[in-house]
Amino acid sequence: MRLIIKNNYDECSLWAANYVAYSIKSFHPTPKKPFVLGLCTGSTPLGMYQELIKMHKRGKLSFANVVTFNMDEYIGLGPKDEQSYHYFMHHNFFDHIDIPKGNIHLLNGLTKDYVKECQHYEELIKGYDKINLFIGGVGSDGHIAFNEPGSSLSSRTRVKTLTNETIEANSRFFNNDKSKVPTSVLTVGIGTITDADEVMILATGDKKARAIHHAVEGSINHMWPISILQMHQHSIIVCDDSATNELKADTVRYFKDIENKLCPSQK
Ligand code: GLP
């Protein structure tokens, strides 16, 4: 695992955007061999999306040969619903870059057949072989995508019920009205995420410190879904100083030291 510790949110966003740009460019994607990117919502990735949009507008980065799969969607919300993840992604990212509409994949929260929708999503991903880079955030309870504590660590795309902690946290996007937050969602599984060649998780602010402690220093445990990153050959956590508040000073020093010693081609 790489643990990238930056001073603040903006530095995390820039590091993550540069990493995405580097990954896409070094892959040399073509229409036949596109770069497959897994994407997330939430407030944490917004700065990264803004940096990627800036790179695109400056002519430095194209998404013409990039295919995306988003992590999750609320059941019952359609693409025009401002709280839906469809709306979020188009409004905050897709509408500002050159990605062909047909390359964008999101789970359909309005489907009548959840099982079929989820199986179809898994098959679509398999059709591209695998996801090259899956980017996610993390909930304060350690969830990744909407895989709440207790989720199977080998789970696939399916329906999940949200915990009170997540409903409370996400109510800020619903005028702080918890009763408006859907209680069921469609989400890729933990197995779907960890099948990706690389997984990069963004975590900023001290609300994420407990989750980062369990991810880095805890044992692998389904009550802290993010801890599965310890089993992945290429996982990266990008966090700010505040998100390391519950790590031991030695742990922080260790990961900072490792990053400083990397040769330029490894960074
Ligand atoms: C939601 C999303 C997650 C995201 C989490 C954290 O629950 N389903 O994918 O990681 O929120 O969001 P934020 O970045 O706003 O803290």
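Ligands are counted one by one from 1 in listed order, and the atoms in each one are counted from 1 as well. Nothing here was measured: the structure is a model prediction, and the numbers come from that model. Every heavy atom of this structure was used, including side-chain atoms; hydrogens, water molecules and symmetry mates were not.
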(message) Using a 4.0 Å cutoff against the non-hydrogen atoms of Phe146, which atoms of ligand 1 qualify?
(response)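 That gives atoms 1 (C), 7 (O), 8 (N) of ligand 1.
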(message) Out of all atoms in ligand 1, which are within 4.0 Å of some heavy atom of Gly137? Include the element for each.
(response)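 Matching atoms, with element in brackets: 10 (O).
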Backbone N or O of [Y] within a donor-acceptor pair of the [X] side chain at under 3.5 Å?
{"X": "Lys6", "Y": "Trp15", "answer": "no"}
{"X": "Lys256", "Y": "Ile4", "answer": "no"}
{"X": "Thr166", "Y": "Leu162", "answer": "no"}
{"X": "Ser155", "Y": "Ile190", "answer": "yes"}

(message) With ring pair (Phe, Tyr, Trp, His ring centres under 6.0 Å) as the test, pick out the partner of Phe69 among Tyr121, Phe35, Tyr85.
(response)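 Passing option: Tyr121.
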What protein heavy atom is closest to [atom], reported as residue, atom name and distance in Å?
{"atom": "atom 2 (C) of ligand 1", "value": "Tyr85 OH, 3.7 Å"}
{"atom": "atom 14 (O) of ligand 1", "value": "Thr44 OG1, 2.4 Å"}
{"atom": "atom 16 (O) of ligand 1", "value": "Lys208 NZ, 2.6 Å"}
{"atom": "atom 5 (C) of ligand 1", "value": "His143 NE2, 3.8 Å"}
{"atom": "atom 6 (C) of ligand 1", "value": "Val138 O, 3.6 Å"}
{"atom": "atom 4 (C) of ligand 1", "value": "Thr41 O, 4.2 Å"}

(message) Between ligand 1 and Arg172, is the shortest N or O to N or O distance under 3.5 Å?
(response)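 Looking only at distances, the answer is yes, because the N/O contact criterion of under 3.5 Å is met.
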(request) Only heavy atoms count here, so choose which of Leu39, Asp72, Ile167 is nearest to atom 8 (N) of ligand 1. (result)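 The option holding the nearest heavy atom is Asp72.
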(request) Would you indicate which of Gly42, Gly139, Ala145 comes nearest to atom 9 (O) of ligand 1 when only heavy atoms are counted? (result)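 Looking at heavy atoms only, the winner is Ala145.
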(message) Run Phe255 and Val216 through side chain to side chain contact (heavy atoms under 4.5 Å, CB included) and show every step you take.
(response) CA-CA 10 Å; Phe255 280 102; Val216 180; 3.6 Å; yes
(request) Inspect the contact between Glu168 and Lys178 and indicate whether a charged nitrogen and a carboxylate oxygen are less than 4.0 angstrom apart. (result)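 Yes, Lys178 and Glu168 are salt-bridged.
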(message) Whether Arg156 and Glu122 form a salt bridge (side-chain N of Lys/Arg under 4.0 Å from carboxylate O of Asp/Glu) is what I want to check.
(response)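 Looking at Glu122 and Arg156, the cut-off is met.
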